[in-house]
Amino acid sequence: MIPVTKDFIRIQELSQYEGKEVTLQGWVQNRRDSKGIVFLILRDGSGFLQCVALQEKIGDTAFEEAKRLSLESSIRLKGLVKKDEKQIGGFELEVNSLEIFENAEEYPIGKKEHGVDFLMDHRHLWLRSKRQWAIMRIRNTVIFAIHEFFQQNGFVEMDAPIFTGNACEGTSTLFETDFFEEPAYLSQSGQLYGEAMAMAMGKIYTFGPTFRAEKSKTRRHLSEFWMIEPEMAFYDLDMTMDVIEEFIRFVVQRVLDKNKFELEVLERDVTKLEVVTQKFPRISYHDAVAMIKGEKDVNGKNSILTLQDDLIQTQERILAIGKEIEERELAIKTPGMKKGQITFNEEKIRQLKVEVKDLEEAERNIPQWIASAQNFVYGNDFGGSDETVLTRLFETPIMVYNWPKAIKAFYMKEADDAPGFVRGVDVLAPEGYGEIVGGGQRETDIQILIDAIHHHELPMEAFEWYLDLRRFGSVPHSGFGLGLERIICWVCKLPHVREAIPFPRMMGRLLP
RNA sequence: UCCUCAGUAGCUCAGUUGGUUAGAGCAUCUGACUGUUAAUCAGAGGGUCCCUGGUUCAAGUCCAGGCUGGGGAGCCA
């Protein structure tokens, strides 16, 4: 292995070195060669850069080595920084010398597309690819922005324990572990501890991993995910909704400011994010149900009609694609067609087939969603499809508040002006992403809480400490929980939350 | 747990009504090309058709059971 040097720069600093000789270190993301010339795409974690190695410049030996570099080989380059508008980042390196840390073995992730399962098995390497790099950079911005927002607004970060003695809210299935021969569960929420800490600090937020053992296999579930849970003393639901709205706006704005290139890599339509500057509609559960069932239109849009329209468009698109595939397959067979054109058509056909698979899935799902929306029973919780149906009617995130008491956690405060409903709020992200935040105002009256614990058949002794919070200076207070991967998923428009976390943990996925 | 889709080369996939020796692109190797952007072009090597059993003269293809994975429902952030 070649010795280290302190004297090197990173690709993101390149603009300061135009016309100068620099040393760069990184990995070969791609290589193309022609007679006497090799193009290397170098990535060093901070960016991507095309490096040009000319035989006449670096000599025959180095040139032969450059030609033989395998993908993901680790190298050090010295060269001249030149401006080149055609390149990503606007620069190019004219290589003067090449040193090799390691010529990599054959890299398993190829330049063409791969299936999800293969990529997940190679997650440790997949993270190097441009798209995953962009997502992780945005994740970093989101995390930093979260801290920035709360720190600027007088919150103290204080974390809840991960081992807990009992199943807190009694609803979800938890992971059981052995804690010195005593059963312990991995935390599904830091909420109750958050309340205790808010009574000490006024405003706090927790930021940590959360665990759910539900056997969910959908694009919005992980067994282990990161959650941010602010809790605020002397805040009611309306004040909390103000905080949530300001908070989400801040985080998304930060990504728009700091991750232009990354969003471009992801081909994200940023106008869909820029709408966060608008006011988020606040809708009561009562009105939301009417919208889902199609009894109430929103800005001239009706949920059921929108879905039926979607179904027709989906079916039309499937037919159109089927026709196009046929035409292209026929075209390939036409004699005299050039090899390049054949390859182009074959690739196009492959892409179209992938699209058809997704469309066919939608074709199967939409009728179920229509039925589910039409038959929605007032008083039930929203299912995934109900959220999709509802959020499709809006451009911005929406806040649904005042939920039926029966479907929410025992500590939620009943609304004074709406008996039977609690002051809870769910924030639903647009473009079908659904719930990213859940929160609300907490019950302050000890007797109501005791009754609720009995009613939910929860073990009273486990909540004694929690009830103390109502014995010693109970105050109105509220909080919420934000799913980190869920908001990243929406911001990046990812097909699955598994891409929003470096090493996802889900059913059947413990490695890598 | 239920519904649904899939499993063929290292990867992504094609394989017609069951019919000769199972194909393509990428990747790998050899060669060509001084400006490529998933470069291109010529050639070569590469197979437990998920498993078990059944039907048949004949199974990648049909039938039954199982395994693994994707998506959805439930539950949730």
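All of these numbers come straight from a predicted model, not from anything done at the bench. So you know, we letter chains A, B, ... as the sequences are listed, proteins then strands, and number each from 1.
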Would you call [X] and [Y] a side-chain contact if the rule is heavy atoms closer than 4.5 Å?
X	Y	value
Asn140(A)	Met136(A)	no
Arg128(A)	Tyr107(A)	yes
Asp386(A)	Ser372(A)	yes
Ile58(A)	Val38(A)	no
Leu482(A)	Ile487(A)	yes
Leu458(A)	His456(A)	yes
Pro397(A)	Trp490(A)	yes
Phe280(A)	Arg249(A)	yes

Just checking [X]: base, sugar-phosphate only, or nothing, at a heavy-atom cut-off of under 4.0 Å?
X	result
Asp121(A)	nothing
Phe225(A)	base
Asp426(A)	nothing
His122(A)	nothing
Arg498(A)	sugar-phosphate
Ser385(A)	sugar-phosphate
Glu485(A)	nothing
Ile109(A)	nothing
Glu92(A)	base
Arg220(A)	base
Ile41(A)	nothing

Item checked: Heavy-atom closest contact (Asn103(A) atom, Leu69(A) atom, distance) ->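 Closest approach of Asn103(A) to Leu69(A), heavy atoms only: OD1-CA, 3.7 Å.
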Spacing of [X] atom [atom1] relative to [N] atom [atom2], expressed in whole Å:
X	N	atom1	atom2	result
Leu174(A)	C75(B)	CG	C1'	12 Å
Met506(A)	G72(B)	CE	C1'	14 Å
Leu71(A)	A38(B)	CG	C1'	11 Å
Glu387(A)	C75(B)	CD	P	11 Å
Lys86(A)	U36(B)	NZ	P	7 Å
Trp369(A)	G74(B)	CH2	C1'	16 Å
Asp386(A)	G74(B)	CG	P	7 Å
Asp33(A)	C33(B)	CG	C1'	10 Å

In a table with atom names and distances, give each donor-acceptor pair under 3.5 Å that connects a side chain of residues 492-502 of chain A to protein atoms at least two apart or in another chain.
unit_1, atom_1, unit_2, atom_2, d
His496(A), ND1, Arg498(A), N, 2.9
His496(A), NE2, Thr218(A), O, 3.3
Glu499(A), OE1, Arg131(A), NE, 3.2
Glu499(A), OE1, Gln132(A), NE2, 2.7

Any donor-acceptor N/O pair under 3.5 Å between [N] base and [X] side chain:
X	N	answer
Arg486(A)	C76(B)	yes
His114(A)	C11(B)	no
Gln29(A)	U37(B)	no
Gln55(A)	U34(B)	no

Side chain of [X]: nearest nucleotide among [options]?
X	options	answer
Lys35(A)	G35(B), A77(B), C33(B)	C33(B)
Leu54(A)	U34(B), C76(B), U36(B)	U34(B)
Ile37(A)	G35(B), C76(B), C11(B)	G35(B)
Asp381(A)	C76(B), U37(B), C33(B)	C76(B)

Margin query: Pick the closest RNA chain B nucleotide for His496(A) and for Gly481(A) by heavy atoms, then say which residue is nearer the 5' end.
Written below: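 The residue whose closest nucleotide sits nearer the 5' end is His496(A).
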Check: Nearest nucleotide by nearest heavy atom, which residue falls closer to the 5' end of RNA chain B, Met227(A) or Gly383(A)?
Finding: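 Taking each residue's closest nucleotide, the earlier one in sequence belongs to Gly383(A).
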Notebook entry, point to check: Partners of His147(A) by side chain to side chain contact (heavy atoms under 4.5 Å, CB included), sequence neighbours excluded?
Noted result: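 Applying side chain to side chain contact (heavy atoms under 4.5 Å, CB included) to His147(A) gives Ile143(A), Glu157(A), Tyr205(A), Phe207(A).
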Note to self: Under 4.0 Å, heavy atom to any atom of RNA chain B: which of residues 429-437 of chain A qualify?
What the structure shows: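 Here the set is Glu435(A), Ile436(A), Val437(A).
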Margin query: Contact list please: residues 56-67 of chain A against RNA chain B, heavy atoms, distance less than 4.0 Å, in numerical order.
Written below: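 Result for residues 56-67 of chain A: Glu56(A), sorted by number.
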For [N], give the paired nucleotide (Watson-Crick: N1-N3 plus N6-O4 or O6-N4; G-U: N1-O2 and O6-N3; both under 3.5 Å), or none.
N	answer
U4(B)	G70(B)
C26(B)	G10(B)
C49(B)	none
C62(B)	G54(B)
U17(B)	none

Checklist line | Qualifying residue for side-chain contact (heavy atoms from CB on, under 4.5 Å) with Gln50(A), from Lys86(A), Gln29(A), Arg32(A) | finding: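 Exactly one candidate clears the test, Arg32(A).
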N/O-N/O pairs, protein side and nucleotides 1-9 of chain B side, under 3.5 Å:
unit_1, atom_1, unit_2, atom_2, d
U4(B), O2', Arg364(A), NE, 3.3

Write down the distance separating the [atom1] atoms in [N] and [M], rounded off to the nearest Å.
N	M	atom1	result
U61(B)	C50(B)	P	8 Å
A42(B)	C5(B)	C1'	41 Å
G47(B)	A14(B)	C1'	15 Å

Check: Thinking salt bridges, do Asp242(A) and Arg282(A) make one under a 4.0 Å N-O criterion?
Finding: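 Between Arg282(A) and Asp242(A) there is a salt bridge, with a charged N closer than 4.0 Å to a carboxylate O.
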Check: Is the shortest side-chain N to carboxylate O distance from Asp60(A) to Lys67(A) below 4.0 Å?
Finding: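 Between Lys67(A) and Asp60(A) there is no salt bridge, as every charged N stays at least 4.0 Å from the carboxylate O atoms.
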Check: Looking at Arg392(A), Lys272(A), Arg268(A), which hits salt bridge (Lys or Arg N to Asp or Glu O under 4.0 Å) with Glu431(A)?
Finding: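 Single pass found, and it is Arg268(A).
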Next item on the list: Ignoring backbone atoms, establish whether Arg219(A) has a side-chain N or O less than 4.0 Å from OP1 or OP2 of G72(B).
Entry: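 Looking at the OP1 and OP2 atoms of G72(B), one of them is under 4.0 Å from a side-chain N or O of Arg219(A).
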Notebook entry, point to check: Among pairs that include at least one residue of residues 398-412 of chain A, which meet salt bridge (charged side-chain N to carboxylate O under 4.0 Å, His left out), considering only residues two or more places apart or in two chains?
Noted result: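 Matches after skipping sequence neighbours: Lys405(A)-Glu414(A), Lys408(A)-Asp426(A).
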